[in-house]
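This is a predicted model, so every value here is computed, not measured. Hydrogens, waters and symmetry mates are skipped; everything else that's a heavy atom, side chains included, is used.
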Amino acid sequence: MNIASFAPLAVVLPILGAALAFLLIRHSRAQRAVSIGVLSLTLLLECVLLASVWDGGTAAVNIGGWLPPWGIVMVVDQFSSLMLVVSSAVSLAVLIYATGQGMADGDQDAPVSIFHPTFLILVAGVSNAFLSGDLFNLYVGFEILLTASYVLMTLGGTGPRIRAGVTYVVVSVVSSVLFLISIAMVYGATGTVNMADLAIKLADLDEGTRTLLHVMLLVAFGIKAAVFPLSFWLPDSYPTAPAPVTAVFAGLLTKVGVYAMVRTETLLFPGDSLNTPLMVAALLTMVVGILGALAQSDIKRLLSFTLVSHIGYMVFGLAMSSVAGLGAAVFYVAHHITIQTSLFLVTGLIERRGGSSSVDRLAGLAKLSPVLAILFFVPAMNLAGIPPFSGFLGKVGLIQAGIELGTPLAYALVIGGVVTSLLTLLAVARVWNRAFWRKPTDAEYPDPVLLAAPKDSDTGSRAGRTNVTLLPRTMVGPTLGLVLLGVSLTVFAGPLFGVADQAAQEMLDRTSYIQAVLGEDAPVPALALKAGGGK
Amino acid sequence: MSVNLTLLIVMGALYACGIYLILERSLTRVLLGLMLLANATNLLILATGGYAGLAPLYDKDTAAQDYADPLPQALILTSIVISFAVTAFMLGIIYRTWVLARQDEIEYDLEDLRVAETPSFDAEDDAEIPAETSEFPLTMLGGDGSSLSDHAVPRDAPEAGASIKAGARKIPAADAAAEEQPGSRNVTPGPEGGVK
């Protein structure tokens, strides 16, 4: 009995938990216990899965005993299990944060009790997408997480959320339709939707068909991953959602798109046929995204734009299709999930403490709440890539891989990456200077609450209720936990980079994946990569 | 692989109508567009299954190639369920929009508009100024003010040197007229706040 046989539980547990949490909808205390307990259990299981493939290797599970390529298969390898662990850890922190927020505000009423089941379904969808070894099951995973995210996005049903929700739903549905069209075409061309089987059969197609399928899949995933010019919807829809929801969306949803892009590029369509357009897209994503961030005055919108911008780094690493580049991209995805989520959680705390998330109104928070200042400062510097944080290490890895590749476009991307990193520093430093550093009287539109500076009061009025704890421990705790997780990515960067590089090696090699799914004697087609430049 | 031409033509028509509809501002039409897109895609999946055949129930006298391909049908069932969920959710959203705003059109993002306007808009300088800024009521400038309206000014501009009695003193008529001409700082500002 292989430990990897328990992989489907990573999907099943959250779904069962969601059903139970839905039944307990009138008992908020039991509901909280169930959802946090189930998610912790899932995280524990995924840690075991990661440990089982830590030294390499791939394990496949046939659902219902149907043999591939007919049945649905779930594949556990280093990349997917690493993504599972990071995403579940982040989801758990966000869930505790959201629970803390609900308890502090006394939200016992109906719409918020929907949050727990929906959140668990979101986690199940994310796990399903990461584990899927079947293109259609990947689509189902996407749909599970998207449908849950529609509900979370419009939680409460206020005017701005409905408006943002409509944009989000329509864009997501269109990208899903594109994905489904691609699946139909892939099936029409090859007669299979099993990814390992496709890796063999797609190689036999003629060049034109291959390129068409490749481009369609990349466009469908590019919308979900918010790669420029398909990123327009993200800064428009994310900031209006509740803080914990925005945090988990920013951390996970775009990364699932990136994950699917990585699988497309390495497993289904290896080689460097589309590397040049991907690199151009990566450069534009980085630069346009960060220039958008500089124009914003609302912290949530600013962070949404940095999110778009930093997707560019991952696409850059992916587009190099070298072990060094892909390894750095894998590390960067893990780093970015943690950091982006913690920054959005801190922004939620800033909004509670300062009464606004606009840098035109905020001021003097460093004096008012030093803990909050540290919680913001560490991940902000990490995002900008200040040594010795993991953001710096990830960027160095990407830049090294770019220089190793040595083409003019790669150098352009290296320069673009450095400039983007500096502009990110500028963007977060602006937030720091305004929201934390200056005096409240210097603000353009000073907040009356901050001007009065209730120095030692930890309570305030929110949403018509007085005496609400502004920074409850249940909210600061998970935020601190995530910030520490981000720092620990720095401390354990050595082994993590080792695993990332090994995962990249295996993904580019494909033998391990295909043989794990289809059996030891499956023919692995030779890579079309040989003609590519560099290593 | 044989392809049913009728199926393809219907699929194309559904895609065309669907894409046209999702570009509308009205949410109900967008929803109809999404439904058409989903159904067109279902037809596409069906078409990839190849020729029509017998129901895929095992019968030992039937050759393998006589069966219809069952997999596309399974995929279509899944995608129908998913589009059903999305349609139900969109209907909920449309109803909520109607309750909130009494319209089913998508609104502009206020924060988007604010950021777009930032460079050219200054709250203090460009705030909307009423067209009539004179301290003196127009009736004092001779008549009911019709001769000083935007359109009337170029035709019957007062001759140089003429002046108008305003209270205790006289002001040059040209100045009073220029105040009301298009392009003057005091004409109603454009949509972005500045003077066009």
Side-chain angles (χ1 to χ4, degrees), chain A residues 70 135-137 139-140 142-144 146-147 150-151 153-154 156-174 176-193 235-237 239-240 292 295-298 300-302 305 358 360 444-445, chain B residues 1 3 11 15 18-19 22-23 27 30-31 33-38 40-50 69 71-72 74-76 78-79 81-83 85-90 92-101 104-112 114-116 118-119 123:
Chain A
W70 298 283
L135 211 50
F136 194 77
N137 197 24
Y139 167 76
V140 173
F142 266 122
E143 286 303 318
I144 295 174
L146 283 177
T147 312
Y150 303 154
V151 177
M153 175 72 78
T154 50
T158 58
R161 281 184 194 161
I162 293 285
R163 191 210 56 76
V166 168
T167 318
Y168 178 72
V169 172
V170 172
V171 171
S172 303
V173 170
V174 168
S176 296
V177 166
L178 265 178
F179 185 17
L180 198 56
I181 294 173
S182 323
I183 291 177
M185 290 191 169
V186 166
Y187 184 74
T190 62
T192 180
V193 285
D236 208 30
S237 50
T240 43
Q296 307 302 320
S297 58
D298 185 280
K300 285 184 184 174
R301 285 177 65 93
L302 184 144
F305 273 100
S358 164
D360 289 340
E444 279 94 349
Y445 306 100
Chain B
M1 195 175 80
V3 175
M11 184 189 92
Y15 271 127
I19 289 170
I22 59 168
L23 298 177
L27 289 179
V30 170
L31 172 66
L34 292 178
M35 287 160 72
L36 289 187
L37 284 185
T41 312
N42 290 344
L43 288 185
L44 173 66
I45 301 176
L46 191 64
T48 62
D69 187 352
L71 188 76
L75 302 190
I76 291 171
T78 316
S79 95
V81 173
I82 290 169
S83 59
V86 171
T87 306
F89 183 79
M90 277 294 285
I93 284 217
I94 292 170
Y95 176 68
R96 184 73 189 160
T97 315
W98 176 253
V99 167
L100 285 174
D104 88 333
E105 297 215 334
I106 182 153
E107 292 165 46
Y108 289 106
D109 184 1
L110 293 178
E111 181 71 10
D112 254 0
R114 204 187 61 68
V115 171
T118 304

Quick check for you: to the nearest 0.5 Å, what is the distance between [X] atom [atom1] and [Y] atom [atom2]?
{"X": "A:Tyr168", "Y": "B:Ile93", "atom1": "OH", "atom2": "CD1", "result": "11.5 Å"}
{"X": "B:Leu37", "Y": "A:Leu178", "atom1": "CG", "atom2": "CG", "result": "9.0 Å"}
{"X": "A:Ile162", "Y": "B:Leu100", "atom1": "CD1", "atom2": "CG", "result": "6.5 Å"}
{"X": "B:Leu75", "Y": "A:Leu180", "atom1": "CG", "atom2": "CG", "result": "8.0 Å"}

Which one of B:Thr97, B:Leu31, B:Thr78 has the most heavy-atom pairs closer than 4.5 Å to chain A?
B:Thr78
Between B:Pro72, B:Ala85, B:Ala38, which shows the greatest number of heavy-atom pairs under 4.5 Å with chain A?
B:Pro72
Examine whether an atom of B:Tyr15 lies under 4.5 Å from a heavy atom of chain A, and if so say whether it belongs to the side chain, the backbone or both; otherwise answer neither.
side chain
Report which part of B:Leu27 has an atom under 4.5 Å of a heavy atom belonging to chain A: side chain, backbone, both, or neither.
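B:Leu27 touches chain A through side-chain heavy atoms alone.
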Greatest number of heavy atom pairs closer than 4.5 Å to chain B - which of A:Thr154, A:Thr147, A:Thr167
A:Thr154
Most contacts with chain B, counted as non-hydrogen pairs under 4.5 angstrom, among A:Leu146, A:Val151, A:Ile183, A:Val193:
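Heavy-atom pairs under 4.5 Å are most numerous for A:Val151.
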Any side-chain heavy atom of B:Phe89 within less than 4.5 Å of one from A:Val173?
no
Check whether any side-chain heavy atom of B:Ile82 lies under 4.5 Å from a side-chain heavy atom of A:Ile144, and answer yes or no.
no
Residue A:Tyr150 versus chain B: region with a heavy atom under 4.5 Å:
both
Which atoms of A:Thr158 approach chain B - backbone, side chain, both or neither, heavy atom under 4.5 Å:
backbone
Could you tell me which non-hydrogen atom of B:Thr48 sits nearest to which non-hydrogen atom of A:Ala184, and how far apart they are?
CG2-O, 3.0 Å
